[in-house]
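All remarks here apply to the structure that follows.
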Amino acid sequence: MAQTSRTRNRARSQQWFERAQQSLVEGVNSPSRGAAVYSPGPIMLERGQGSRVWDADGNEYIDFMMSFGALIQGHAHPALVQTVSQAMASGPHFAAATSAEIEAAERFRRMVPSAEVVRFTNTGSEATMLALRLARAHTGRRKFLKFEGHYHGWYDPFLLNAHSHPPEQLGTVENPARIPDSEGIPPSTFDDVVLAPWNDVSALEQILRRQGHELAAVITEPIMANMGCILPRDGYLQRMRELTRDCGTLLILDEVVTGFRYAPGGCQEYYGVQPDISTFGKALGAGFPVGAVAGPRSILERMSWGEKMVLHYGTFNGHRLTMKVVAANLDMLSAEHAYRQLHAVGNAAIAGLKEVFRRRDVKAIVQGFGPMFQIYFTERDAIHDFRDYCKHVDTKLYSRLVHRLLDLGIYMTPSNGLHWIISTAHTDADVQTLVEAADQACSGLS
Ligand SMILES: Cc1ncc(COP(=O)(O)O)c(C=O)c1O
């Protein structure tokens with residue numbers, strides 16, 4: 001676990017953390033926020049505005065984590081503050097039909113061409129869970145294929161080889177070790193899961209030739225966002241589309257991270273791939289908990305009431321206040337300059353960081369483009385998949401870098417598996433500050 005000198009005063013964070021451990025497991029509500037990542041303990045954040053956050057001791061940071069990408073408009077955007085207070089004043093939720101959910105869905109469909117219809121959920125995990133159920137019902141098949149190193153939320157069947165592991169535990173590409181990510185899952189759950197390496201066309205061709213006819217779905221992240229930021233090789237997603245179509249297997253594109261981030265229509269627009277079903281979350285709600293499943297009527301209407309329906313219930317589905325936020329958020333993201341700005345600011349940050357590493361002779365690459373990227377300490381020119389990540393990335397050195405950056409006023413998770421996020425609130429000046437901090441943090445880093 002990385003230790004840090006912690007030059008900033010974090011006495012209040014420390015006090016809160018001690019208190020937190022009396023009531024919360026590990027003092028947090030998700031292990032990725034606790035001491036396992038933020039050793040010796042988490043920084044308690046108390047306030048956010050624009051691109052900035054402040055901790056319990058009053059320290060200011062530029063936030064490049066942005067709630068794991070949920071805060072596409074930064075913190076406390078004034079238009080969203082107004083939307084939320086108006087929605088709250090008129091009733092946040094009725095669990096009944098509302099015009100708010102229609103307005104959100106109409107905007108969603110305008111931006112995502114594959115969304116003939118949409119169903120809102122409360123989280124990305126619920127969305128992927130529902131997508132798989134729909135795919136199984138639609139095809140009448142039980143099995144599905146997931147890729148090594150892809151995370152699709154915490155639903156049982158997805159929790160196979162989503163975490164990284166030491167290289168000696170991985171098995172071979174042809175015969176990968178099947179490693180559950182959680183206790184408490186019956187091993188038989190994974191009998192229906194076919195595991196494949198990602199970014200490897202010939203492996204996918206072979207598996208689908210053998211087993212394609214029995215697969216309900218192939219689920220993939222379009223950009224691997226849970227091993228940092230790993231881009232698909234040229235033509236890979238397009239070939240996956242052809243292969244799945246040929247064997248009657250549905251393609252589920254998990255855009256929980258990439259949706260509304262790279263383009264109005266997410267990565268499916270950016271890479272020109274038409275999925276059968278796609279899932280969304282994070283940036284959709286600009287900080288509010290929401291997910292979505294989108295696709296053609298022929299598949300999604302299986303949820304319509306009837307004896308043979310695909311069941312999807314939820315007290316908070318289409319939460320009124322959240323739907324108002326979604327509509328306002330999508331309106332802002334529809335502005336012509338929104339994605340141009342996200343890409344320009346992100347690309348400037350990437351270029352600046354690359355230049356720092358070059359000048360300081362640090363063996364690190366910056367991978368990704370525009371609004372999302374990751375730094376890898378590696379001898380490699382690129383990281384292409386799960387195995388590259390497990391074998392060739394020095395995640396401990398990355399953690400040390402981020403702990404230094406935290407001391408220099410840059411907020412980011414020290415976990416190398418996540419990624420740097422640019423929101424519409426970030427400016428060129430924020431990028432400049434990041435690059436200067438990175439330069440300082442690299443001094444003597446080893
Ligand atoms: C690609 C992907 N799918 C699904 C999920 C699950 O989303 P949530 O955390 O909102 O349940 C995540 C979360 O990080 C994700 O990265």
Side-chain angles (χ1 to χ4, degrees), residues 28-33 37 65-72 112 119-135 144-164 181-182 193 198-199 217-232 237 240 251-262 266-268 270-271 273 275 277-294 312 314 316-317 319 322 325-326 329 368 371-374 385-386 389 412-413 415-421:
V28 284
N29 273 296
S30 176
S32 59
R33 303 174 193 178
V37 174
M65 189 186 92
M66 286 287 163
S67 279
F68 299 136
L71 295 168
I72 188 114
V112 182
R119 169 61 65 92
F120 290 109
T121 63
N122 299 294
T123 61
S125 295
E126 287 181 26
T128 53
M129 206 182 293
L130 176 59
L132 181 59
R133 185 176 291 175
L134 280 164
F144 76 98
L145 183 149
K146 88 170 281 286
F147 293 100
E148 292 181 316
H150 285 220
Y151 176 68
H152 302 291
W154 60 280
Y155 179 39
D156 286 4
F158 294 134
L159 292 181
L160 195 64
N161 294 42
H163 288 153
S164 60
D181 301 298
S182 173
V193 186
W198 195 68
N199 245 350
V218 167
I219 184 166
T220 188
E221 299 180 53
I223 291 175
M224 260 180 95
N226 288 283
M227 297 279 140
C229 187
I230 304 182
L231 302 177
L237 295 174
M240 190 187 295
L251 177 61
I252 303 174
L253 202 61
D254 181 358
E255 296 238 45
V256 167
V257 174
T258 55
F260 303 103
R261 189 173 318 285
Y262 276 98
C267 273
Q268 50 195 279
Y270 192 87
Y271 289 111
V273 179
I277 305 177
S278 42
T279 53
F280 295 82
K282 303 207 192 249
L284 174 63
F288 280 76
V290 67
V293 175
H312 173 236
F316 294 108
N317 294 349
H319 185 264
T322 306
V325 170
V326 167
N329 179 34
M372 193 175 107
F373 56 88
Q374 183 53 301
D385 57 31
F386 173 71
Y389 179 86
M412 184 53 194
T413 166
S415 164
N416 216 164
L418 286 144
H419 34 257
W420 293 69
I421 290 287

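Note: hydrogens, waters and symmetry copies are ignored here, and every other heavy atom, side chains too, is used. Position 1 is the first residue of the sequence, and the numbers go up from there. In listed order, ligands and their atoms are each counted from 1. Fair warning: this is a prediction, and the values are worked out from it, not measured in the lab.
- Around ligand 1 you find Thr123, Gly124, Ser125, Tyr151, His152, Gly153, Glu221, Asn226, Asp254, Val256, Val257, Lys282, each with a heavy-atom distance below 4.0 Å.
- Under the 30°/60° scheme for interplanar angles, the aromatic rings of Phe280 and Phe260 are found to be tilted.
- The closest side-chain heavy-atom distance from Val290 to His319 is not below 4.5 Å.
- In this model, a donor atom of one side chain and an acceptor atom of the other lie less than 3.5 Å apart for Thr220 and Trp198.
- In this structure a side-chain-to-backbone donor-acceptor pair under 3.5 Å is missing from Glu255 to Pro222.
- Listed by first and then second residue, the side-chain hydrogen bond (donor to acceptor under 3.5 Å, both in side chains) pairs involving residues 278-294 are Asp254-Thr279, Gln268-Ser278 (not counting sequence neighbours).
- Side chains of Thr413 and Ser415: no donor on one and acceptor on the other come within 3.5 Å.
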